[in-house]
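Taking it in order: structure first as structure tokens, then the write-up.
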Amino acid sequence: MKTLALDIGLKRIGVALCVNKSIAMPLEAIIRKNRNQAANAVKKYIKEYEINTLVIGIPIGGSSEDEMRRRIEHFVALLEFNNEIFFIDESYSSKNAQELGIANLKKKDGKLDSLAAYLFLKDFYGLV
């Protein structure tokens with residue numbers, strides 16, 4: 001069983017993979033040019049890793065929650081994924097990733113976003 005976690009943002013999509021609910025790792029983030037390009041990049045990951053489950057982070061709380069939920073759900077619909085999809089609270093996942101103190105995460109290359117996806121994927125499966 002393989003799970004892909006997505007931290008969907010307007011500029012970048014953090015991506016993490018979990019195999020057999022026991023081994024999780026961040027993958028290379030997707031830099032968004034437009035939603036179709038980004039959706040195709042996610043579909044490529046889904047096909048390449050033979051993904052069974054998606055775990056999608058949604059920021060809960062705050063003034064933009066409804067707008068972000070709508071945007072994220074629309075993006076997920078573009079994936080045409082017919083297996084299990086879980087939407088989970090990803091609030092503070094980027095902040096938690098920053099607090100790990102890894103020096104090169106300040107850049108806007110998506111590494112921080114993928115690390116955030118990795119963190120909420122680990123929490124989802126209760127991994128240490």
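In what follows, residues are counted from 1 in the order of the sequence shown.
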Quick check on the hydrophobic clustering: are Phe120 and Val19 connected, directly or via other members, by side-chain heavy-atom contacts under 4.5 Å? no
So if I apply the side-chain contact (heavy atoms from CB on, under 4.5 Å) rule between Ile58 and each of Asp89, Ile72, Asp7, Ile8, which one comes out positive? Ile72
Counting heavy atoms not belonging to Lys2, are there more than 12 under 6.0 Å from its NZ? yes
Answer whether the closest heavy-atom distance between the side chains of Leu79 and Leu54 falls below 4.5 Å. yes
Considering only residues two or more places apart or on different chains, which pairs with a residue in residues 60-85 satisfy ring-ring contact (aromatic ring centres under 6.0 Å, His included)? none
Check whether any side-chain heavy atom of Leu4 sits under 4.5 Å from a side-chain heavy atom of Thr53, and report yes or no. no
Tyr49 side chain near Leu27 side chain, heavy-atom distance below 4.5 Å: yes
Side chains of Ile85 and Ile56, heavy atoms from C-beta outward: is any pair under 4.5 Å? yes
Looking only at heavy atoms, which two atoms of Tyr125 and Cys18 are closest? And how far apart? CD1-SG, 3.7 Å
Heavy-atom side-chain proximity of Leu121 to Asp123 below 4.5 angstrom: no
With Phe124 via ring-ring contact (aromatic ring centres under 6.0 Å, His included) - residues at least two apart: Phe86
Sidechain-backbone polar pair: Arg12 side chain, Asp109 backbone, donor-acceptor under 3.5 Å: no
Decide whether Leu115 and Val15 are clustered together by the hydrophobic rule: side chain heavy atoms of Ile, Leu, Val, Met, Phe, Trp, Tyr closer than 4.5 Å, transitively. no
Can you tell me how far the CG atom of Leu17 sits from the OG atom of Ser114, to the nearest 0.5 Å? 11.0 Å
How about Glu50: does its CD atom have over 12 heavy atoms from other parts shown lying under 6.0 Å from it? no
Less than 4.5 Å apart, side chain to side chain, heavy atoms only: is that true for Leu119 and Glu90? no
Any link between Ile23 and Tyr45 through a network of hydrophobic side chains (Ile, Leu, Val, Met, Phe, Trp, Tyr) touching at under 4.5 Å? yes
Any idea which heavy atoms bring Ala117 and Ala5 closest together, and the distance? O-CB, 3.8 Å
For Lys111, is there an ion pair with Glu28 - N to carboxylate O distance below 4.0 angstrom? no
Spacing of Arg69 atom CZ and Arg71 atom CZ [to the nearest 0.5 Å]: 15.0 Å
What's the separation between atom CD1 in Ile51 and atom OG1 in Thr3, rounded to the nearest 0.5 Å? 7.0 Å
Side chains of Asp113 and Pro26 in contact at under 4.5 Å (non-hydrogen atoms): no
Identify the two heavy atoms, one from Met68 and one from Pro59, that lie closest to each other, and give their separation to 0.1 Å. CB-CG, 4.1 Å
On a heavy-atom basis, the closest approach of Ala29 and Gly14 is CB-CA, 4.4 Å
Hey, does the side chain of Gln37 reach the backbone of Ile31 with a donor-acceptor pair shorter than 3.5 angstrom? yes
Just do the side chain to side chain contact (heavy atoms under 4.5 Å, CB included) check on Ile30 and Val42 with the steps written out, would you? CA-CA 8 Å; Ile30 297 165; Val42 172; 3.5 Å; yes
